[in-house]
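Here, residue 1 is the first one in the sequence, and each next residue gets the next number. The shown structure was predicted, so the numbers you read here are calculated from the model rather than taken from an experiment. Atoms considered below: every heavy atom in the structure, side chains included; atoms not considered: hydrogens, waters and symmetry mates.
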Amino acid sequence: MGASLMMKRTFLPILLGVLILGFWHSPDLQSIAAGVAIFLFGMLMLEDGFKLFSGGMLERVLARSTDSLGKSVAFGIVTTTIMQSSSLVSVITISFLSASLISLAAGVGIIFGANLGTTTGAWLVAGFGLKVKISAYALPMLAISIVLVFQRSNYLRGIGLVLAGLGFLFLGIHYMKEGFEAFKDQFDLTRFAMTGVLGLVVYTLVGAAATVVMQSSHATMVLIITALAVGQVSYENAIALAIGANIGTTVTAIIGAVTANFQGRRLALAHLVFNLVTAGVAIGLINQIVWSVDWISAGVGIAPDDFALKLAVFHTIFNLLGVALMVPFMSQLLAFLERAIPEPEPDVSKPRYLTETLDGFPETIELALRKEVKHLYDNAVELIAHGLNLHLDALYSSEDIAATVSASRDPRELDLDEVYEARVKTLHAAIVEFAIRADTRNLPRNICIRIQSLREAAQRCVHAVKAVKHMRRNATAFTSHSRGPATDLYNVLRTEIARILVEIHKLAAADPERRTSLWLDQARVEVERDRKNTTRLIEEKIRSRQIDATTATSFLNDSGYAYEAMTDLIEVARALMIETDGAMAEIEEILRFEDEDIEELAERAG
């Protein structure tokens, strides 16, 4: 975030100064600048529209379309072609990769495809935008869009923003074209044309700088094509500018990765490597590529002097060359990325999946939050087991849980308060902050409900750990040395908690399609039954003088904490592991026991 802020502070006064000086020197420059501004504004509206219109669809498709390199590349091509924004696709990909929802290989494939997808924008502008008075299409689009934008439905508003974005894109192209045509009568930019290697290098740098300033290679390409169409830049220099635009667009991905985790930074580095290698090879083979552009153009009927369309051909060959160069070396690229940005030692006290790059993508937010709550749950379960002087590995592999618990007598050296602060409280605070921030987004209602459920699950994790903290001292005192019936009582209590942990572990390992919430309901009934039976059992032991009243009171308090912890753990498992969509989920929701049903069943069972 600091790098992004520094860049903005550096470029903003320079950019404003150049614009003011240019406006003062030539009023016609205002039309070009306004065209660029309108075009960029259209891209922003287009991105916002697709975020609303997708309603999470884009994320679902992404998750299902990245199980092979070919699918990943195809996804990048199609989505960038539709949305005309490789930046949006890159940011979505970084957010998914940061949340460990797709693999690094899939993310790199999407970036390759996004670069190819950007070439369609050049074709649309060169083949349609410059040959038709597209401002005539822009005005009706804007008129219709404003009606849709003020509707309450997210889908209608999304469609309205997409239409408005397209309208402003068309309008921006129109003003840029008009501005360059008027500008050439006063000032001939071709006087600054440079030929040879020097011109190639200088104009490549200019194209990269322009893209860094505008944060959009698409906008840079439109500017280059419109300038080329009216003769304000030479074809040779336009080619160099296009190469530079591809280099400059990596800055957007790098800025997007500043707040991402190591995987997001790896993807940004892959984007940089891809574009730098492609640009380097293109510069080295520039004569051969230009020859192939002429040959292909002649073959498809493009006029020799139609430099705008020939630039679109060059842009396509340029990016195809990059993909053809990099795909065979995919495994080496991935190995390089993993060496250059190694995975840090996992810090269980810090969030793993929650980053600012997730904001704005509904289902990404929910999936990342679900993973983070599972991370908190794992921390909480380990702390609960240690607090009861138990070992999770021994429990999970045990064939006789009661015997394993009875044999676990040695007190664990553990500062429960310190570990709770580091591994539970800090993580819970990050989850709450993220969930509150998500609430400020205009998310679909069903996703808001699930986010609220996950936030409550995180709270239950914390509550379960606190409950075990309260009972730890007595549980340790009565089970580290045999103290008769009281030791048996506490071992039964520890065994019941251990069984819940083991059963939830088995549920997590089961096929998601075979999981059922009915086991959770049954577990709740058993917990409530045991709670009631415990009270009766203690009364009997007091009457028979097996335990004294002081010990009985302590045990009743601790059993209350234990049953609260078990109930919380069961409900966390329900929030994390049980599907809430689909026909089976609806049936299970109908069959689900309410609290009063659980109490009644427990009473009968008791």
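No side-chain heavy atom of E382 sits less than 4.5 Å from a side-chain heavy atom of D378. Side-chain contact between L569 and I384 is present, with at least one heavy-atom pair separated by less than 4.5 Å. Using a 4.5 Å cut-off on side-chain heavy atoms (C-beta onward), R455 and I436 make contact. Looking at V108 and M330, their side chains come closer than 4.5 Å, going by heavy atoms from C-beta outward. Considering only heavy atoms from C-beta on, I547 comes within 4.5 Å of I538 through its side chain. The shortest distance between side-chain heavy atoms of L427 and P351 falls below 4.5 Å. Within the 4.5 Å cutoff, side-chain heavy atoms of L269 are placed close to those of F336. You'll find the side chain of N115 reaches within 4.5 Å of the side chain of H271, heavy atoms only.
A distance of 6.0 Å separates NE2 of H391 from OG of S408, quoted to the nearest 0.5 Å. How far CG of L576 is from CG of L454: 6.5 Å, rounded to the nearest 0.5 Å. Rounding to the nearest 0.5 Å gives a distance of 8.5 Å between CG of L367 and CZ of R450. Rounded to the nearest 0.5 Å, atoms CG (L416) and NE2 (H386) are 10.5 Å apart. Atoms CG and CD, on L369 and E372 in that order, are 8.0 Å from each other to the nearest 0.5 Å. Here OG of S406 is found 11.5 Å from CD1 of I401. Values are rounded to the nearest 0.5 Å.
In this structure, R494 contributes its side chain and A475 its backbone to no donor-acceptor pair below 3.5 Å. Within the 3.5 Å criterion, the main-chain N or O of R423 finds a donor-acceptor partner in the side chain of N379. Of the possible polar contacts, none joining the S398 side chain to the L395 backbone as a donor-acceptor pair under 3.5 Å is found.
Remark: Y563 pairs with no residue by the ring-ring contact (aromatic ring centres under 6.0 Å, His included) rule, at least two apart or across chains. Residues satisfying the salt bridge (Lys or Arg N to Asp or Glu O under 4.0 Å) criterion with D548, sequence neighbours excluded, are absent altogether. A search for side chain to side chain contact (heavy atoms under 4.5 Å, CB included) contacts involving D400 returns A402, A403, not counting sequence neighbours. By the salt bridge (Lys or Arg N to Asp or Glu O under 4.0 Å) test, R460 pairs with D568, sequence neighbours left out.
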Expected list for residues 497-508: side-chain donor-acceptor pairs under 3.5 angstrom, two or more places apart:
none

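Looking at N389 and T476, their side chains do bring a donor and an acceptor atom within 3.5 Å of each other.
When every heavy atom of L493 is checked against every heavy atom of S559, the shortest pair comes out as CD2-CA, 3.6 Å.
Identified under the salt bridge (charged side-chain N to carboxylate O under 4.0 Å, His left out) test for residues 469-487, with sequence neighbours left out: D417-K469.
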* Evaluation steps, salt bridge (Lys or Arg N to Asp or Glu O under 4.0 Å), between R370 and E366 -> CA-CA 6 Å; R370 185 175 298 278; E366 182 199 341; 3.2 Å; yes
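For E418, the CD atom is loosely surrounded, since the number of other residues' heavy atoms within 6.0 Å does not exceed 12. Counting non-hydrogen atoms of other residues, nucleotides and ligands closer than 6.0 Å to CD of E421 gives a total above 12.
Note on ring orientation: taking the six-membered ring where Trp is involved, the planes of Y490 and F478 are parallel (angle under 30°, cut-offs 30° and 60°).
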